[in-house]
Structures are given as C-alpha cells and as structure tokens.
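Below is one structure, written out as structure tokens, with a few remarks after it.
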Amino acid sequence: MSLNVSVHLVAQAEVGKVNEAEFVDIIRESLPYAWGIVEGLAERLARGEEWANHCVAPPTEKHRSQLLRMIGGDAIRGAVERYFEVKLAFQNCHNLAVFRPENLDFPAYLNFISIESQILNQTPELVDC
C-alpha cells in the first residue's frame with residue numbers, strides 16, 4: 001500500500017520543500033479508511049474524552065494495509081499527528097488510540113503503551129495481524 005503521490009509533490013520533494021498541507025491531502029486521499037479512523041478518534045477528543053480508542057479489526061486486508069501504512073510510516077504518522085494535534089498509539093492492526101500530546105505522562109497513555117498492555121492485547125486470531 002503506497003500513497004498516490006502527484007508529480008507536483010514529487011517535484012517538491014526533489015527540491016526539499018514539500019508543502020505539508022498537500023502531503024496531508026495525499027494521505028487523506030490515499031488512505032481513506034485509516035484517515036477516517038483517526039478523524040473519528042480526534043473528534044472524540046474534541047468532544048472531551050481524555051483519550052479515544054478504535055479496537056475493531058479492519059474489514060479487509062486492504063483496510064488493514066491502509067492502517068499499517070499510516071502508522072508504520074514515520075513521515076505519514078507525524079503529519080497526521082500534527083494535522084489532528086494528537087499522539088497516535090498503536091498496539092496492533094485493530095487497536096489504535098489517540099491521546100492529547102500534553103497528556104503523555106497520564107496513566108491512560110502510559111498503560112496503553114506498556115509492555116504489559118501489549119502482551120494482554122494478543123490473541124491467537126490476530127497472529128497474522
């Protein structure tokens with residue numbers, strides 16, 4: 001799963017000056033499933049939740065690959081975090097959470113990213129996740 005990058009954005013990258021807003025648009029268009037998940041989680045934070053979690057397995061491998069691409073690419077993940085002003089935390093292909101960047105020392109975040117939480121979130125049906 002790759003991004004559908006325009007020749008215009010490639011030209012920007014070649015000279016070292018990519019417009020991040022245009023990059024974010026490419027992410028939104030290329031990874032609509034993953035974008036929708038993060039957008040929904042960010043909306044929940046905006047409504048006042050301390051943190052928000054999406055823990056539903058993607059419906060298809062295509063959807064799963066979109067989520068993995070967004071989370072696995074540092075530049076993509078960073079741009080999405082900056083756009084939504086959130087910190088993404090990821091345990092596996094169906095467990096993604098968002099936190100407010102100023103709350104990364106809170107128990108909910110520290111628990112979500114803990115080794116213990118990662119281990120307890122493992123199940124045999126997700127071995128190929």
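Keep in mind that this is a model prediction, so the values were computed, not measured.
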Give, for atom [atom1] of [X] and atom [atom2] of [Y], the distance between the pair rounded to the nearest 0.5 Å.
X     : Y      : atom1 : atom2 : result
Lys62 : Leu67  : NZ    : CG    : 14.5 Å
His63 : Gln66  : NE2   : CD    : 6.0 Å
His54 : Arg44  : NE2   : CZ    : 9.5 Å
Lys87 : Glu102 : NZ    : CD    : 13.5 Å
Ile27 : Glu20  : CD1   : CD    : 7.5 Å
Leu3  : Met70  : CG    : CE    : 9.0 Å

Considering all heavy atoms of both residues, which atom of [X] and which atom of [Y] are nearest to each other, and what is their separation?
X     : Y     : value
Ser30 : Asn4  : OG-N, 2.7 Å
Asn95 : Asn53 : OD1-OD1, 2.7 Å
Pro58 : Tyr33 : CA-OH, 3.3 Å

When the side chains of residues 71-81 are checked against the rest of the protein, which donor-acceptor pairs come out under 3.5 Å, sequence neighbours left out?
residue : atom : partner : partner atom : Å
Asp74   : OD1  : Arg77   : NH2          : 2.9
Arg77   : NH1  : Ile71   : O            : 2.5
Glu81   : OE2  : Leu88   : N            : 2.9

Hydrophobic cluster identity match, Val15 and Leu9, side-chain contacts under 4.5 Å: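 Different clusters.
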
Taking the side chain as everything from C-beta on, heavy atoms only, tell me whether [X] gets closer than 4.5 Å to [Y].
X      : Y      : value
Lys17  : Gln12  : no
Asn111 : Pro107 : no
Leu45  : Arg100 : yes
Ile119 : Ile115 : yes

Ser117 (side chain) donor-acceptor with Ser114 (main chain) under 3.5 angstrom: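 Pair absent, no side-chain N/O of Ser117 close to backbone of Ser114.
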
Sidechain-backbone polar pair: Asn19 side chain, Glu22 backbone, donor-acceptor under 3.5 Å: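 Judged by distance alone, yes, a pair lies under 3.5 Å.
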
Co-members of Phe112 in a cluster of I, L, V, M, F, W and Y side chains, linked at under 4.5 Å: Trp51, Phe99, Leu104, Tyr109, Leu110, Ile113

Aromatic ring pairing Trp35/Tyr83, orientation class (parallel under 30°, perpendicular over 60°, tilted between):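 Tilted, since the angle between the ring planes falls between 30° and 60°.
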
Within 6.0 angstrom of Gln118 CD, more than 12 heavy atoms from elsewhere: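 Yes - once you tally the heavy atoms of other residues, nucleotides and ligands closer than 6.0 Å, there are more than 12.
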
Residues forming a salt bridge (Lys or Arg N to Asp or Glu O under 4.0 Å) with Arg28, sequence neighbours excluded: Asp25

